[in-house]
Each structure stands twice: as structure tokens, then as C-alpha cells.
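Ligands are counted one by one from 1 in listed order, and the atoms in each one are counted from 1 as well.
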Amino acid sequence: MSRSVLVSGGCGFLGSHLVDRLLRRSDVEKLVVVDNLWTGVRDNIAHVADPRFSLQIADAESFASSQRFDEIIHLASPASPVWYMREPARTIKANIGGALNLLALLRPGGRFCFASTSEVYGDPLVSPQPESYRGSVDCTGPRSSYDESKRCTEALLFEQQRVSGLDVRVVRLFNAYGPRTRIDDGRAISNFVSQALTTGVLTVYGDGSQSRSWGYVDDIVDGLERFFWRDSISHRGPLNIGNNHEVSVLQTARFVSSLVPGSRIQHHPPIPQDPTNRCPDLTQARRVLPGWEARTSYQDGIQRTFEWFRRQIATASKQIAT
Ligand code: UDP
């Protein structure tokens, strides 16, 4: 059966890759992206010429439409600490307000998919983190606008499932990265790569011993498509989606630095409440999505991201020169 789909945040880094992926499907009848271009950029979807696609510039929390959708995928939210810490109220509105508003646009029996985050585990005391781990989160800390609005939206959706049988899908994403990240995004891999290509000085916060599990965008979007699209499913979430190879931030910076001879690492003061570790337990994902695995090594994924950033920076400097 063909589906009408709404993707909030479809001009963002992850959203635009998911839009590309969904438009490859013949069972998508129509795909509407709702994006306010806060962190998303038009360029990310500028190549899309598919007649089934349309873009609405609007906030997820106030977008109005007479149309009803078979599937709504709610991604609208900043994901970089730099961006969400700058505008906490707007972050909360995008996540919770967006979900509340978009739920009303779902046709009866439709499906609501949501991108939650590994940040719901806070600074985890168990590793790797299974979905059953309830987390170690400071609900008034500097990351709380993001963590808590993701948690509250999860609560909203699972409670709607309980009281009204809503078909939900909720993923918890672990440090996705790749092409189409903004150059001013502020997260580690995009910072390291753009710094290596421009100033040659990579900023590591603290001693760099904190660790992350970097998920290359193609692997992540593959997992999202499988999970969001499948009708018969034994588990509707929350589901960890990520790569479970954990590396330290310093090791990551060293690898990026090795791609540009002469670049160097500079240590800066640690970020308050920066999680010390992060690694997905993928037992559930392997059971629910047989055959899916995040296979791209961080070295390969970073190389590909590096090449994309290199081209972006070269194009931008050519435009400035002319
Ligand atoms: N980080 C860093 N330098 C940067 C950006 C980030 O050392 O220029 C560190 C940051 O302190 C954190 C890790 O890299 O320990 C991942 O940060 P990111 O913002 O990518 O994601 P999150 O903190 O949300 O996991």
C-alpha cells in the first residue's frame, strides 16, 4: 500500500538523507517535509526533483494542514549541544510541541515515528547501554532541554500507544555523523574535520578520554528505514540505533588530524556534564531488524565526511573569490 509521509526536520543532516532514502521507494505516494530552517538548510534537499516531494517552511509545533498522513516521522530538533543549549525553550517546543501538533495530522490508524537520543541515558553508569537502562540524567543540567524533551516525547508516544493503540516507532540514536552536517554544527566530528581543513587546530574538550560510538549516516538511515517502514514488528521501541564500536574523543581527533599533515590538537577546558562514555547495546536491534548492522568503521566514515567537507569548503572559497 502506498503511503503519504510527513518528515519534520527533513532539511536537516539526518532528515535529508532519510528523505533521499524514502524517495527511492515506490510505495511512497507523497512526501511532505516540514522544516523551519533553524538548523536544517535548503541545500540539503536542493537536488530533490521528485514530483511526490514538497517542502513547507514552518515550525513543527505550529504547522497546520488539512491533509492527513499515513506516516509521520518527527525529526525536527537541533541535535548539537551548541545549538540546543543556546535556545532551550525552542528545543523543547520543537520536540514536545512538534509531537503534540503533528499527532493531530496523523490519519486514524497511521504511524508516528520519532528520533529520540542516547542522551536519555545521561552520563551512563552501565556500558553498553540497553534500552532497559533508565539512565543517569540531571533534569536541570545544561543538556536537559534536549534530554528531557526527548524523554517527555517518548513518554507522550508510549502513553498514546497504551491508551489509544497508536502505532509508534521510537529510536534512540547514538552520535550520528556524516556529509551534510553544517560546518558550524559544533559536534565533534564535523568540528574536527572542518578545523583540520581550515585552521589546522583541532579543539578537544578536556583530556579527550571521554568516549563515543560514532554512527555513520548511511548505516543509521538504513536502520531507520527498516524500522519505520516495517508493518509487522515485534517491538515498537525504544530501539537503540548506532554503531557499537566505542572510541575516545582523543583517538578520534588523532585520526582526523592524521588526514592533514601539519594539523594539531589543542586541549580546551572540559564541557560541564559532558558524558564520559556512550555505547549502544544492540541486542534488541539485531532481534528486531535482522540483517541490519552499522558496518562502516569510524575511519571509513570520517574519510567520506572529510571528502564531503573538503568539497564544500573548496566551493565556498571559490564563491568568495569570484
Ligand atoms: N568535543 C570535542 N571537541 C569539539 C566538539 C566536541 O572534544 O570540538 C567532544 C565533546 O566534549 C564530547 C564529544 O566530543 O565529549 C562528543 O561531542 P558531540 O557534541 O559531538 O556530541 P555529544 O556530546 O552530544 O555526544
Side-chain angles (χ1 to χ4, degrees), residues 12-14 39 75 77-88 91 95 115-124 127-129 135-138 141-151 171-217 220 240-257 259-260 263-280 294 298 301-302 305-306 309:
F13 150 63
L14 199 64
T39 57
L75 306 179
S77 169
S80 163
V82 177
W83 285 74
Y84 65 69
M85 285 183 191
R86 208 183 284 149
E87 293 192 70
T91 300
N95 280 291
S116 184
T117 172
S118 57
E119 290 280 327
V120 301
Y121 302 123
D123 190 5
S127 182
Q129 296 88 52
S136 163
V137 185
D138 176 359
R143 294 178 169 250
S144 56
S145 69
Y146 186 70
D147 306 354
E148 296 297 326
S149 62
K150 293 290 189 188
R151 278 174 164 242
V171 290
R172 292 177 176 163
L173 302 176
F174 285 69
N175 291 86
Y177 72 99
R180 301 192 193 157
T181 312
R182 299 175 66 108
I183 198 160
D184 60 352
D185 175 85
R187 278 176 285 178
I189 290 189
S190 55
N191 265 11
F192 295 157
V193 167
S194 58
Q195 288 165 339
L197 287 166
T198 55
T199 59
V201 182
L202 284 65
T203 56
V204 167
Y205 304 142
D207 63 6
S209 62
Q210 68 272 34
S211 58
R212 293 294 187 272
S213 304
W214 312 109
Y216 188 64
V217 63
I220 303 309
N240 288 341
I241 294 280
N243 186 315
N244 64 356
H245 182 71
E246 191 173 8
V247 280
S248 75
V249 167
L250 186 59
Q251 192 180 335
T252 310
R254 283 194 180 132
F255 176 73
V256 177
S257 179
L259 302 176
V260 179
S263 65
R264 64 188 173 86
I265 289 167
Q266 192 176 67
H267 289 269
H268 286 246
I271 304 289
Q273 295 199 13
D274 196 355
T276 52
N277 67 102
R278 191 59 63 69
C279 182
Y298 78 91
I302 288 176
T305 308
F306 185 88
F309 269 84

- Query: Going by atom types alone, do Ser136 and Asp123 pair a side-chain donor with an acceptor below 3.5 Å?
  - Reply: no
- Item | Nearest non-hydrogen protein atom, atom 15 (O) of ligand 1 | Asp274 OD2, 2.7 Å
- Task: Consider ligand 1: state whether an atom of it lies below 4.0 angstrom from any non-hydrogen atom of Pro81.
- Result: yes
- Query: How far is atom 14 (O) of ligand 1 from its nearest protein heavy atom, and which residue and atom is that?
  - Reply: Ala188 CB, 3.4 Å
- What's the spacing between Ile241 CD1 and Ser118 OG if we round to 0.5 Å? 12.0 Å
- Message: If we set the cut-off at 4.0 Å for heavy atoms, which region of Gln210 has an atom near ligand 1: side chain, backbone, both, or neither?
- Response: side chain
- Item | Proximity of Asn175 to ligand 1 by residue part, where a heavy atom lies under 4.0 Å | side chain
- Note on the structure: Closest to atom 1 (N) of ligand 1 among protein heavy atoms sits Tyr205 CD1, 3.5 Å
- Can a salt bridge be assigned to the pair Glu119 and Arg278 using a cut-off of 4.0 Å between side-chain N and carboxylate O? yes
- Please name the residue in the list Phe306, Phe309, Tyr216 that meets the ring pair (Phe, Tyr, Trp, His ring centres under 6.0 Å) test with Tyr177. Tyr216
- Message: Just to confirm my output: which protein heavy-atom neighbour is closest to atom 8 (O) of ligand 1, and how far is it?
- Response: Asn191 ND2, 2.8 Å
- Item | Heavy-atom side-chain proximity of Leu250 to His267 below 4.5 angstrom | yes
- Task: Write out the residue and atom name of the closest protein heavy atom to atom 13 (C) of ligand 1, then the distance separating them to 0.1 Å.
- Result: Val249 CG2, 3.6 Å
- On the 0 to 90° scale, with breaks at 30° and 60°, tag the His245-Tyr298 ring pair as parallel, tilted or perpendicular. parallel
- Query: Hey, does Tyr177 sit under 4.0 Å from ligand 1 if you only count heavy atoms?
  - Reply: no
- Protein heavy atom at shortest distance from atom 24 (O) of ligand 1: Glu119 OE2, 3.3 Å
- Measuring from the heavy atoms of Arg143, does anything fall under 4.0 Å of ligand 1? yes
- Quick one: which ligand 1 atoms are inside 4.0 Å of a heavy atom on Val204? 7 (O)
- Query: Which one holds for His268 and ligand 1: side chain close, backbone close, both close, or neither close, with close meaning a heavy atom under 4.0 Å?
  - Reply: neither
- For ligand 1, is Pro275 a contact, meaning one of its heavy atoms is under 4.0 Å away? no
- Note on the structure: The closest protein heavy-atom partner of atom 3 (N) of ligand 1 is Thr203 O, 2.6 Å
- For Ser190, all residues meeting side-chain hydrogen bond (donor to acceptor under 3.5 Å, both in side chains), sequence neighbours excluded: none
- For Gly186, the ligand 1 atoms with a heavy-atom partner under 4.0 Å come out as 5 (C)
- If you have a sec, work out which protein heavy atom is nearest atom 16 (C) of ligand 1 and how many Å separate them, to one decimal? Arg212 NE, 3.6 Å
- Message: I'd like to know if Asp274 pairs up with Arg212 as an ion pair, taking the criterion as any Lys NZ or Arg NE/NH1/NH2 lying under 4.0 Å from an Asp or Glu carboxylate oxygen.
- Response: yes
- Exercise: do Tyr84 and Asn95 side chains pair donor with acceptor under 3.5 Å: no
- Message: Could you measure the distance from the OG atom of Ser80 to the CG atom of Asn191? Nearest 0.5 Å is fine.
- Response: 8.0 Å
